[in-house]
Amino acid sequence: MSAVLWIKLIFSAMLWVFIFLSFVTCSVSSTSEKKDYAAPRYNISLDDKAEDRWAHILKNYNMTGLKEDLDILLGSLELKWSQPVYYLLADFYLDFFAQEPFAGEIRGIAKETGFLTSEIVMMNLFYESIACTSIIVEDQDGNIYHGRNMDLFFPYNFQDVTIDVDFIKNGQVVYTGTTFVGFVGLWTGQKPYKFTISANARENNISMLKNVFSLIFNGIPVSWLIRNTLNEAPDYESAVLQLSNTPIIAEIYLILAGVNSGEGIAITRDRQYPAYFEHLNSSDGTWFLVQTNHDTWLGSPRNDPRWHIATQALNATGQENINKDTLYKVLSTNKVLNRGTIHTSMMNAASPQDYISWIRV
Ligand SMILES: *[C@@H]1O[C@H](CO)[C@@H](O)[C@H](O)[C@H]1NC(C)=O
Ligand SMILES: *[C@@H]1O[C@H](CO)[C@@H](O)[C@H](O)[C@H]1NC(C)=O
Ligand SMILES: *[C@@H]1O[C@H](CO)[C@@H](O)[C@H](O)[C@H]1NC(C)=O
Ligand SMILES: *[C@@H]1O[C@H](CO)[C@@H](O)[C@H](O)[C@H]1NC(C)=O
């Protein structure tokens, strides 16, 4: 192996120790009275240089709190002694392996916020371990709705940095997505009139060795794959192929909805290949798909009521009554909505102007 591969190997090993130790699961607890509000919405011009794209958004945010939390996290993991090594390797990753435009955008964000580029790299890769509930439904007229709860358990107020972003080229919205300020990937997004995507973590079988090898063999962060797919795939079918077959650095569930009847799929991903597909199919009664971080075909997860409660709520609603409002209600059911829920994003690619993320407070 070349020196470059060795450094990549060491970097990835350390990175995955970091991610493994800091992995946050979707625990469940009851919620208090909510007063939700819509996430701030911004434009990013894809015609601007990658380094400059996020500057106008970053100006509105104070990064000090996030920096403090990053320090606390590293400190709590007793990784302080190795920080310089992490920083070195993170920079190395950015310079030699990270794809554009992500690398450029990360550099720009570091410059604008005063963070080290390595800190922004680690922040971006740390978020690889997030969750949680994604639901696709088809109503009786063949309209498709896609909703997702993003759950995160971390001592930081992600609500304050959640934003919806329209990515613009030549004055047109190419795609829309939801992210956290400072984070260049997307876990939730929409290509207008084509498809919508959300991702749920699949970390019940963490294999560090496998993660390391898939990073070496050109795996990319999942959130970058989602953004690439929103940018590149011309239609639903192409998106299914791209999401299924692109090597990624961690296992994941990718939930994709289109605009026509039957266009809905939950792809269970291994790092190199797809492991399982669940299809929406109204004609055999499968008018909804619920994904809550579990391999549902292996039997229902005992310690996670979210899947059962969401399924029950959808059964109770019925296909004849499903629409974006009733889907939002399902995602707001106690325990499906939990104390870790940061935002609920509602999507319908056929009606792209309806894209909205509600911040759950
Ligand atoms: C975002 O871009 C769209 C399309 O160019 C434009 O219509 C809209 O006014 C822009 N919004 C903001 C907040 O700048
Ligand atoms: C974990 O991975 C091993 C090896 O690939 C596989 O045999 C096992 O079934 C997996 N377990 C789960 C829960 O996915
Ligand atoms: C949908 O279900 C019908 C009825 O069971 C079946 O004939 C058809 O092949 C299914 N379609 C897909 C895409 O699985
Ligand atoms: C939902 O309805 C389907 C079809 O009637 C049924 O098979 C399933 O058990 C129900 N699930 C729950 C959790 O009620």
Side-chain angles (χ1 to χ4, degrees), residues 28 38-48 52-61 133 135-140 142 144 162-179 181 189-193 195 230-231 235-237 239-241 244 255-268 274 276-292 294 296-322 326-327 329-331 333-336 352-357:
V28 171
R41 192 159 187 141
Y42 293 99
N43 280 349
I44 290 271
S45 170
L46 297 171
D47 298 316
D48 289 349
D52 303 333
R53 283 175 193 168
W54 294 87
H56 66 288
I57 298 176
L58 294 163
K59 282 196 176 71
N60 301 325
Y61 291 84
T133 302
I135 301 178
I136 300 174
V137 298
E138 177 172 335
D139 72 11
Q140 285 180 326
I144 315 274
T162 301
I163 53 174
D164 282 346
V165 180
D166 290 309
F167 292 83
I168 314 265
K169 205 172 176 71
N170 300 325
Q172 299 289 319
V173 177
V174 186
Y175 55 97
T176 302
T178 304
T179 191
V181 174
Q190 165 180 276
K191 181 133 183 166
Y193 306 107
F195 55 83
L230 290 163
N231 191 43
D235 52 33
Y236 173 82
E237 291 302 332
V240 172
L241 289 176
S244 300
I255 298 88
L256 177 67
V259 291
N260 301 310
S261 174
E263 287 184 349
I265 189 168
I267 305 165
T268 301
Y276 197 80
F277 299 101
E278 291 166 90
H279 293 274
L280 203 63
N281 188 348
S282 271
S283 56
D284 74 0
T286 311
W287 61 272
F288 62 80
L289 293 177
V290 177
Q291 216 311 304
T292 58
H294 291 284
T296 39
W297 73 92
L298 297 178
S300 40
R302 275 187 216 97
N303 58 357
D304 176 17
R306 289 174 300 138
W307 188 85
H308 289 283
I309 292 172
T311 303
Q312 253 164 18
L314 287 161
N315 274 356
T317 305
Q319 190 180 15
E320 63 282 9
N321 293 316
I322 202 70
T326 49
L327 176 57
K329 278 195 187 130
V330 171
L331 285 162
T333 313
N334 193 17
K335 289 188 174 160
V336 177
Q353 66 280 5
D354 293 344
Y355 188 105
I356 190 164
S357 294

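Along the sequence shown, residues are numbered consecutively beginning with 1. When a ligand or atom number is given, it counts from 1 through the structure's own listing order.
Side-chain atoms of Ile265 and Tyr236, non-hydrogen and from C-beta on, do get closer than 4.5 Å to each other. Phe288 has its side chain out of reach of Leu327: every pair of non-hydrogen atoms, C-beta onward, lies at least 4.5 Å apart. Taking 4.5 Å as the limit, some side-chain heavy atom of Thr178 sits within range of a side-chain heavy atom of Tyr355. In this structure the side chain of Phe195 reaches within 4.5 angstrom of the side chain of Leu230, judged on heavy atoms. Within the 4.5 Å cutoff, the side chain of Lys169 has heavy atoms near those of the Asp47 side chain.
Of all protein heavy atoms, the one lying nearest to atom 5 (O) of ligand 1 is Gly171 O, 3.3 Å. Ranking the protein heavy atoms by distance from atom 3 (C) of ligand 1 puts Asn43 ND2, 3.6 Å first. Here the protein heavy atom with the shortest distance to atom 2 (O) of ligand 3 is Asn281 ND2, 2.3 Å. With hydrogens left out, the protein atom closest to atom 4 (C) of ligand 3 is Asp284 CB, 3.8 Å, a heavy atom.
Inside a 4.0 Å radius of atom 9 (O) of ligand 3 there is not any protein heavy atom. Distance screen at 4.0 Å: atom 14 (O) of ligand 4 has a protein heavy-atom neighbour inside the cut-off.
Ring geometry for Phe167 versus Trp54: interplanar angle over 60°, hence perpendicular rather than tilted (30 to 60°).
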- Item | Test log, rule side chain to side chain contact (heavy atoms under 4.5 Å, CB included), inputs Tyr276 and Leu298 | CA-CA 11 Å; Tyr276 197 80; Leu298 297 178; over 6 Å; no
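Applying the side chain to side chain contact (heavy atoms under 4.5 Å, CB included) test between Val336 and each of Val290, Ile309, Thr292 identifies Ile309 as the sole match.
Per-residue contacts place Asn315 under 4.0 angstrom from the following atoms of ligand 4 (heavy atoms of the residue considered): 1 (C), 2 (O), 3 (C), 8 (C), 10 (C), 11 (N), 12 (C), 14 (O). Applying the 4.0 Å criterion to heavy atoms of Thr311 picks out, from ligand 4, the atoms 11 (N), 13 (C). Those atoms of ligand 3 that come under 4.0 Å of a heavy atom in Ser283, given as number and element, are 1 (C), 2 (O), 3 (C).
Under a 4.0 angstrom heavy-atom cut-off, Asp166 registers as lying outside contact with ligand 1.
For Gln312, no nitrogen or oxygen atom sits less than 3.5 Å from a nitrogen or oxygen atom of ligand 4, counting backbone and side chain alike.
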